[in-house]
Amino acid sequence: MVRRIDVTGAGGVSLAAWEFGDPPKSGENEPRPGVLLLHGLMGRASHWAPTARWLSERRRAVALDQRGHGQSEKPEQAAYTREAYVDDAEAAVEQLGLAPVVLIGHAMGALTAWQLAARRPDLVSGLIICDMRASALGAASQREWENWFKAWPLPFATLADVRKWFGEDDPWVERPSPSRGEFYAEVMHEGPDGWRPVFEPEQMLTTRETWVYDAHWEELTQVRCPALVVRGLDGELGRAESQEMVRVLPHGQYAEVADAGHLVHYDQPDAWRSAIEPFLDGLDGDGAVG
């Protein structure tokens, strides 16, 4: 089962959190360890559904719709800064009673996760970083994204059109990727004229400025809990940078997933679980998870 829990984020922004799995059975006095899953830019909590259901067998698994995404609020005047996203994640951990929590983040969500782990080591017992760079991307990247958003043939007439464009016809697609098409179909909603994204592209551009122009290596060095860096072999995080991230993390480990691009947990869900399971099991010995 899945149930929604409302969280109040920074500046009073209303956030939707989603808890996966059945509630504790009567007589279970020992609380299950918490896991908070943070999606990437343009994503939503439901992208984590298969992972969260798997985790819920042994843990309390919650996925968060971050501000501007999914069913959380998208105020025009709200802050879409690193600090705001980290504040929101911190609020979710505290309001939901998840600490000491394992944070699992993809892309933007991974950056939020390691920044929270650096800021609040008392809240975080483990960290999984999925396909997110610590280096700044550069101004050219932002211009490319601006042009890419303009190229979207909105509105889409059907969800099948969404899947086909993002999975095959998008100029950024090097080879057909059904999982990519499914990923974007998940973030569309139907209006009077067709299907459009649930997010505002301008808010997404504002959000990504914080890693386009700024590097985030220093926060990695401040992470005190065990941390796993996972990359897809065809993803956006290169092997050299990922291994340097592992090196600067005080307790860093490394895993890679073959035949996976940036959307590692979507491209190869079984291999993704196999990559992170030993790390999660390793936390068991510290009483953090399991």
Side-chain angles (χ1 to χ4, degrees), residues 1-10 13-23 32-57 59-75 78 80 84-99 101-116 123-124 127-132 159 162 166 179-180 182-190 196-200 203-204 207-208 230 262-267 269 272-273 276:
M1 65 176 286
V2 184
R3 68 185 182 105
R4 173 173 171 159
I5 310 172
D6 291 327
V7 171
T8 301
V13 174
S14 179
L15 306 172
W18 305 87
E19 183 166 359
F20 291 77
D22 296 328
R32 290 184 296 168
V35 179
L36 182 66
L37 300 116
L38 300 170
H39 60 73
L41 188 73
M42 301 181 293
R44 64 188 308 171
S46 58
H47 282 141
W48 285 119
T51 297
R53 290 192 180 99
W54 169 66
L55 289 169
S56 71
E57 296 173 7
R59 304 165 175 90
R60 185 183 175 201
V62 178
L64 180 68
D65 276 338
Q66 294 169 82
R67 61 175 55 210
H69 296 75
Q71 293 191 29
S72 289
E73 275 194 312
K74 307 165 180 65
Y80 292 92
Y85 280 100
V86 177
D87 286 347
D88 288 348
E90 182 178 352
V93 171
E94 293 188 321
Q95 291 174 34
L96 298 174
L98 294 172
V101 70
V102 176
L103 297 175
I104 302 178
H106 173 247
M108 175 192 77
L111 176 55
T112 300
W114 88 62
Q115 288 183 305
L116 178 55
L123 294 182
V124 184
L127 169 68
I128 297 178
I129 297 167
C130 180
D131 217 69
M132 181 60 183
L159 278 180
V162 174
F166 287 102
S179 61
R180 189 174 188 270
E182 290 296 336
F183 181 94
Y184 283 97
E186 188 76 12
V187 296
M188 297 288 165
H189 68 115
E190 188 175 18
R196 296 179 180 272
V198 299
F199 52 80
E200 295 295 333
Q203 292 180 356
M204 300 300 100
T207 294
R208 76 186 302 271
V230 184
H262 180 56
L263 306 175
V264 181
H265 53 304
Y266 248 61
D267 290 342
W272 156 251
R273 289 193 291 269
I276 67 173

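Atom CG of residue L127 and atom CG of residue L103 lie 6.0 Å apart, to the nearest 0.5 angstrom. Atoms CD and CD, from Q115 and E90 in turn, are 12.0 Å apart once rounded to the nearest 0.5 Å. Rounded to the nearest 0.5 angstrom, L263 CG and S179 OG are separated by 6.0 Å. With rounding to the nearest 0.5 Å, the separation of CE in M204 from OH in Y80 is 7.0 Å.
Closest approach of A52 to A61, counting heavy atoms only: O-CB, 3.5 Å. Scanning all heavy atoms of the two residues, the minimum distance from A185 to L159 falls at O-CD2, 3.8 Å. Minimum heavy-atom separation, Q203 to G68: OE1-CA, 3.9 Å. In plain terms, the two heavy atoms of A89 and L64 that are nearest each other are CA-CD2, 4.5 Å. For the residue pair V62 and L98, the shortest heavy atom distance occurs at CG2-CD2, 4.0 Å. Residues A107 and G40 share a closest heavy-atom pair of CB-CA, 4.2 Å.
Between the side chain of R67 and the backbone N or O of P75, no donor-acceptor pair lies under 3.5 Å. R59 places no side-chain N or O within donor-acceptor distance of the main-chain N or O of W54, the cut-off being under 3.5 Å. Proximity of a side-chain donor or acceptor of D6 to a complementary backbone N or O of A16 within less than 3.5 Å is not detected. In this structure a side-chain-to-backbone donor-acceptor pair under 3.5 Å is present from D65 to A45.
With sequence neighbours excluded, the residues satisfying side chain to side chain contact (heavy atoms under 4.5 Å, CB included) with T8 are Q95. Applying the ring-ring contact (aromatic ring centres under 6.0 Å, His included) test to F199 and every residue at least two apart in sequence or in another chain returns nothing. Taking the ring-ring contact (aromatic ring centres under 6.0 Å, His included) definition, one finds that W114 meets it with nothing, sequence neighbours left out. Scanning for ring-ring contact (aromatic ring centres under 6.0 Å, His included) contacts around H47 gives F183, Y266, with sequence neighbours left out. Residues meeting the side chain to side chain donor-acceptor pair (under 3.5 Å) test with W48, sequence neighbours left out: none.
The number of heavy-atom neighbours closer than 6.0 Å to CD of E200, taken from other residues, nucleotides and ligands shown, is 12 or below.
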Chi angles and distances behind the side chain to side chain contact (heavy atoms under 4.5 Å, CB included) call for V124, V102: CA-CA 6 Å; V124 184; V102 176; over 6 Å; no

Residue pair F20, R3: steps toward the side chain to side chain contact (heavy atoms under 4.5 Å, CB included) verdict: CA-CA 7 Å; F20 291 77; R3 68 185 182 105; over 6 Å; no

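At least one side-chain heavy atom of Y184 sits less than 4.5 Å from a side-chain heavy atom of M42. The side-chain heavy atoms of D131 and V230, taken from C-beta on, include no pair separated by under 4.5 Å. Under the 4.5 Å side-chain criterion, counting only non-hydrogen atoms from C-beta, H39 is not in contact with L37. In this structure, L36 and V93 have side chains that are in contact, with non-hydrogen atoms separated by less than 4.5 Å. Between L38 and H106, the closest side-chain pair of non-hydrogen atoms is not below 4.5 Å. Using a 4.5 Å cut-off on side-chain heavy atoms (C-beta onward), H265 and R273 make no contact. Proximity of V187 to H69: side-chain heavy atoms (C-beta onward) are nowhere separated by under 4.5 Å. Side-chain contact between E19 and R60 is present, with heavy atoms from C-beta onward closer than 4.5 Å.
Side chains of E73 and S14: a donor-acceptor N/O pair is absent below 3.5 angstrom, by distance only. If you check the side chains of T51 and W272, you find a donor sitting under 3.5 Å from an acceptor.
Residue pairs meeting the salt bridge (Lys or Arg N to Asp or Glu O under 4.0 Å) criterion with at least one partner in residues 35-55, sequence neighbours excluded, are absent.
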